Amino acid sequence: MYGLINRSIQCFICDTYGPDSWKTITGLAGLGFENFEAMMSYDDELTGAVLSGATSHLSKPTESILEDLGTYLASHPNLEGVRRLLRFGGDSFLEFLHSLDDMPGAARLAAPDLILPQLETRDHLGGVFTLYCRFPVPGSGHVMVGILRAMADDYGTLALLEHLGGNSGVETVKIQLLETQFAAGRSFQLSSAGPAA
Amino acid sequence: MSGDKASLTLDGSCADQLMPMHLLIGNTGHIQSVGPTLARLRPKSELVGRRFLEVFEMRRPRRGMQDYSDLCSVAGQKMHLQFRDTPQTALKGMMTRLPDGGGLLINLSFGISLVQAVRQYGLSNSDFAATDLAIELLYLFEAKTAVMNEMHGLNARLQTARQAAEAQATTDALTGLNNRRAMDDLLSGLVENRASFGLMHLDLDYFKAVNDTFGHAAGDFVLQEASNILRQEVRENDTVARVGGDEFVLIFDRLVDEAKLMSIASRIVCRLEEPVRFQDQTCQISGSIGITTSQLYCLPDADRMQSDADHALYESKRRGRACATMAVPAV
C-alpha cells in the first residue's frame, strides 16, 4: 500500500487526537515505528492493523473513524492542497460528483503508483446519485462519505449521504442533493496564489 | 465549395462556448469580436475595433508582419504571439480564413504560460473550453508540486538519518569517543597517505578493581572521566578512540617528536591518577602507555604499528605500570 494513505491516517490521528494517541495506536498495531513516509510503500496489512488499533484505542467504530478521516482529508487546513485538488473537479458539487470517476486516474498522473479507490457515479436524475467504491481494503465507502460531506459544505450544497453497505469488494453510497445553493460555500481560485495584485 | 465538404456556420455564442479565446478579424485587419476569456485578458474596448497587429506582436512563424495580407499568409500554420503591452502573456494559436473573403478566425490558448496567466488574470474553471486540457494541466502542476515537496522532505529526513547512522557506527556510545572501527579507518588512511603521526596505546590500570569493588556504574563513570581527560590532553586535529573495555588509542597528527610524546604521556598518566569521586566512593586508577611513531618505519604498516605500541604498553605494565614506553621496532 502506498505510504500516502497510511500517512494520511497518521496525520488525521495526530491532528485530531494528539501525538500520544498515535503513539499508543502504533504500539497496539505492532508497527515498530511511528512515522509512515508518504512516498514509500508498505504492506497492505499495516493499514488494517493501524485501523483496528485506532478502533480499540479511541473506542469508536472503524466506520466513523474512516468517515472522520474523509472529512479531515477534504477540509483540514493542514491539507488545503488535497481540498484544492478535489475542487479542480468542477465549479459545482454536481460537476464534482461527475468528476469522481476520474479521480484515481488524475491522482495516477501525478503519482503513478498511487492506487486510490475505483469510483463510479450513477446519476439517477432528480438529484439522486449512487457512488460505487472498489478498493482492496474495506471501508473506502466510509472515507468517501466523509469526503463528500466536507466537499458538499465546501460548495455550499446541502446533501444527504448514506452508506448502503458493501458487497464483494464494492461499497455503495447514496447521495441525495437537497439544495445546491444552500450556503455560500468556500471560495476557490484556480491559481494557488490567487490573482496577482 | 466542393460537395464532400460540409460548410459550417457558427453563431457568436456557439463560438464563445467552443473557443472562448477566439478573435474574428475583418478583411482590413481590424478585430471585429473576441471570445469571453480573451475579454478577461484585456477589456473588450481595448481589443474590438483595433488592428490585430497593433494589439498583438507575432513571434512565429514570422516576425515583423505589417498588414492583413502578411497575416493571411500564415493561415493554417501554428502561431506564437504575445500582447504588445504588459503583461505580454505568450499565446499560441491557429488562424483560418473565412469563406468569401469574410476575414480571419483565430483561436488562441495559453501554452506553457498557463500557470502564470491563471494567476495574473484570476481565471477560473469556466474560462476554459470543456475540451481544453488547461484544468488538467493546473491540477497536475499542483499535484506535482505537492509530490516534489514531499520528496524533498523525505530526502532531508533520510539524509539526517544517514548522518546519525554514520556517526553511530563510528562512535563509542558510552564516552562519545571514536570507536575501533573509526580508528582503524583513520589509521589505514594515514598509512596510505604516508602521513607522519604519533600513536599511543593506553590501558587503564586498576580499572577492573573499580568495577569489581564499586560496580559497573562507577566503572562507567570512571571511563567517562578518563575520556574527558584524554580529550583535553590532545590537540584539535588529534584523535582519541576507545578500542576496548579500558583500552584507548591516541593518534597525534604530524607529531613524531619522541620527547614531546613521552611528556604528553606522563601528563596523561598524572591526570588519570587524580582520584575520581563517584557518589560516596573515591575511585583511583592510573594508566600504562606504549608509544610509536610513523618515523620509526621505512614503510609504516597499521597492524605492525599497533602491535609495536601494544608491546611497548606491556613493557610499561611490566615496569610497574603508571608509565609510558617508547616502542623499539625490530629492524
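Only a predicted model underlies this, so the values are computations on that prediction, with no experimental measurement involved.
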A.B. asks: Quick one, A:Tyr17 and A:Trp22 - any side-chain contact, counting heavy atoms below 4.5 Å?
C.D. replies: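 When only atoms from C-beta onward are counted, A:Trp22 and A:Tyr17 do not touch, as no gap falls below 4.5 Å.
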A.B. asks: So which of A:Ala107, A:Ala106, A:Gly90, A:Gly81 has the largest heavy-atom pair count under 4.5 angstrom toward chain B?
C.D. replies: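 With the most close heavy-atom pairs to chain B, the winner is A:Ala106.
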A.B. asks: Taking the cut-offs as 6.0 angstrom to the six-membered ring centre and 45 degrees off its axis, would you call A:Arg87 and A:Tyr155 a cation-pi pair?
C.D. replies: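 Positive - A:Arg87 is close enough to the ring of A:Tyr155 and near enough to its axis.
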A.B. asks: Just give me the residue among B:Val115, B:Thr145, B:Leu123 that pairs up with chain A most often, heavy atom to heavy atom, under 4.5 Å.
C.D. replies: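 Option with the greatest count: B:Leu123.
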A.B. asks: So what's closer than 4.5 Å to chain A heavy atoms on B:Leu140: side chain, backbone, both or neither?
C.D. replies: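 The side chain, not the backbone.
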A.B. asks: So which of B:Arg157, B:Glu136, B:Lys144 has the biggest tally of heavy-atom pairs under 4.5 Å with chain A?
C.D. replies: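 Greatest number of close heavy-atom pairs with chain A: B:Arg157.
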A.B. asks: For the pair B:Asp172 and B:Arg180, find out whether any cationic side-chain nitrogen is under 4.0 Å from an anionic carboxylate oxygen.
C.D. replies: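 Salt bridge between B:Asp172 and B:Arg180, a charged N being under 4.0 Å from a carboxylate O: no.
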A.B. asks: Should the pair B:Arg42 and B:Phe83 be classed as cation-pi, given the thresholds of under 6.0 Å to the six-membered ring centre and 45° from the axis?
C.D. replies: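 Flagged: B:Arg42 positioned over aromatic ring of B:Phe83.
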A.B. asks: Going by ring pair (Phe, Tyr, Trp, His ring centres under 6.0 Å), name the pairs with one or both residues in residues 138-160 of chain B, residues two or more places apart or in two chains.
C.D. replies: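 As it turns out, there is no ring pair (Phe, Tyr, Trp, His ring centres under 6.0 Å) pair with a partner in residues 138-160 of chain B once direct neighbours are skipped.
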A.B. asks: Would you mind telling me which of B:Gly153, B:Ala146, B:Ala143 has the largest number of heavy-atom pairs within less than 4.5 Å of chain A?
C.D. replies: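 If we count pairs closer than 4.5 Å to chain A, B:Ala143 comes out on top.
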